Amino acid sequence: MSTEHDGADALMTAITGEPLPPGAREDAAFLAEHRAAEADLAVLREQLGLIGHALAEPPPATPAPEPAPALPVRPSPRPRRRAFSLALGGLAVAAAASVMAGMGWLMSGGGTGAADSSSLDAGSSAEKQSDAGGVAFGSARYLACSGLVAEGEATAVERLPGTTTLRITLSLTRVYLPEVPEAPEEDAKGSKPDEEQVFVVDENVVPGIRAGDPVLVGVPRGADQPDFWAVGERQIALERAMVTASLPEARELTCG
């Protein structure tokens, strides 16, 4: 059964694209299921795009038969083209069935969104937070208001004495935002961030993080600390797909 928060269903909120209800970002189980459902939907959209592209391609041209006076006239290639059209029709039906099955799988709670967060491996942090007014991390609106979105490696993880706060040093390996032009004549949209970044975060946000772990962070514009963390390649891969897909739209938006 899908997790709810104040009457809002995590799966349906992801499907409709509605903003998260107030306080939902503090509900770890609800937020984890919502982000997982978004990732599943992104995969379904990508598969639909590939299938649509294949269906839109024209059928291959059938070469005209060479004249053969001594033989009976060869039949028209029309049946072959009809067979190809029937094959495409079958592919479309199979694609629709696949998508419907995928949606049914989501609705039945069979996907990762319905899994208990404790079943995620220690290298994948499901405790992700975004304070951007309920805007989902990786969406175009989130990216338009971000000062830093980057992947890196945790080179040092230190606990501050007497607290549950961690000081984490990241060595950046891939920067999505700010976008810094390679050529000097291009318009710069931001300055290149330092390759080494130091952040502080409560250990409950990034449980089990260790030096050497891959990390993805999001820092709102004007802030100096992330409001989003993903730890481990499994979790990062889902978020990476959302970020790269939303960047083109984010370039056309202004924060506000």
Side-chain angles (χ1 to χ4, degrees), residues 19-20 23-26 28 31-32 34-35 38-39 123-160 163-181 187-256:
L20 296 178
R25 61 178 182 274
E26 298 177 7
L31 190 59
H34 181 267
R35 296 297 305 131
E38 284 188 324
S124 300
S125 173
E127 304 296 329
K128 305 180 298 298
Q129 299 182 5
S130 173
D131 295 328
V135 178
F137 175 82
S139 67
R141 285 195 295 163
Y142 181 94
L143 298 178
C145 294
S146 296
L148 175 68
V149 176
E151 294 182 36
E153 178 182 333
T155 57
V157 178
E158 307 170 76
R159 181 187 301 275
L160 299 184
T163 71
T164 60
T165 301
L166 302 177
R167 180 190 292 114
I168 301 176
T169 303
L170 297 183
S171 177
L172 301 187
T173 56
R174 183 175 182 181
V175 178
Y176 300 98
L177 292 171
E179 294 183 307
V180 180
D187 293 334
K189 294 186 178 181
S191 58
K192 184 177 181 179
D194 295 336
E195 292 186 0
E196 184 176 274
Q197 300 282 329
V198 179
F199 302 118
V200 292
V201 61
D202 190 274
E203 64 179 359
N204 293 321
V205 177
V206 286
I209 188 173
R210 297 174 297 180
D213 284 344
V215 177
L216 171 65
V217 295
V219 182
R221 189 177 301 174
D224 57 3
Q225 297 296 324
D227 67 352
F228 176 89
W229 292 79
V231 181
E233 183 56 36
R234 176 184 173 186
Q235 192 66 41
I236 291 174
L238 300 175
E239 307 301 341
R240 182 189 296 127
M242 184 72 72
V243 170
T244 53
S246 300
L247 272 174
E249 182 182 353
R251 296 187 186 105
E252 306 299 324
L253 301 178
T254 56
C255 181

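Remember, predicted model here, so these are calculated numbers, not experimental data.
- Nearest heavy atoms, A150 versus L172: CB-CD2, 4.0 Å.
- The OG atom of S171 sits 6.5 Å away from atom CD of E195, with the distance rounded to the nearest 0.5 Å.
- Heavy-atom minimum distance, A140 versus A250: O-CB, 3.6 Å.
- Using modelled atom types, no side-chain atom of R240 and backbone atom of E233 make a donor-acceptor pair closer than 3.5 Å.
- Side chains of V198 and R167 form a contact here, defined as non-hydrogen atoms less than 4.5 Å apart.
- Contact of the L247 side chain with the L177 side chain is registered, since non-hydrogen atoms from C-beta on lie closer than 4.5 Å.
- D202 meets the side chain to side chain donor-acceptor pair (under 3.5 Å) test with T164, N204; sequence neighbours excluded.
- Aromatic ring orientation, F137 versus F228: parallel (interplanar angle below 30°, classes split at 30° and 60°).
- To the nearest 0.5 angstrom, F199 atom CZ is 10.0 Å from T169 atom OG1.
- No more than 12 heavy atoms of other residues, nucleotides or ligands sit less than 6.0 Å from atom CZ of R210.
- One N or O on the side chain of Q225 and one on the backbone of V200 form a donor-acceptor pair closer than 3.5 Å.
- Between T155 and L170, the shortest heavy-atom distance links the atoms OG1-N, 4.5 Å.
- Closest approach of V206 and V201 over heavy atoms only: CG2-CG1, 3.7 Å.
- Atom CZ of R174 sits about 11.0 Å away from atom CD1 of I236, to the nearest 0.5 Å.
- Heavy atoms only, all atoms of each residue included: G138 and L143 are closest at O-CD1, 3.9 Å.
- L216 CG to T173 OG1: the interatomic distance, rounded to the nearest 0.5 Å, is 9.5 Å.
- Atom CD1 of residue I168 and atom CZ of residue R159 lie 10.5 Å apart, to the nearest 0.5 angstrom.
- A 4.5 Å side-chain heavy-atom check between P178 and P193 finds at least one atom pair inside the cut-off.
- Residues M242 and S139 approach most closely at CG-N, 4.4 Å, considering heavy atoms.
- Side-chain atoms of T244 come within 3.5 Å of backbone atoms of A241 as a donor-acceptor pair (strictly under, hydrogens ignored).
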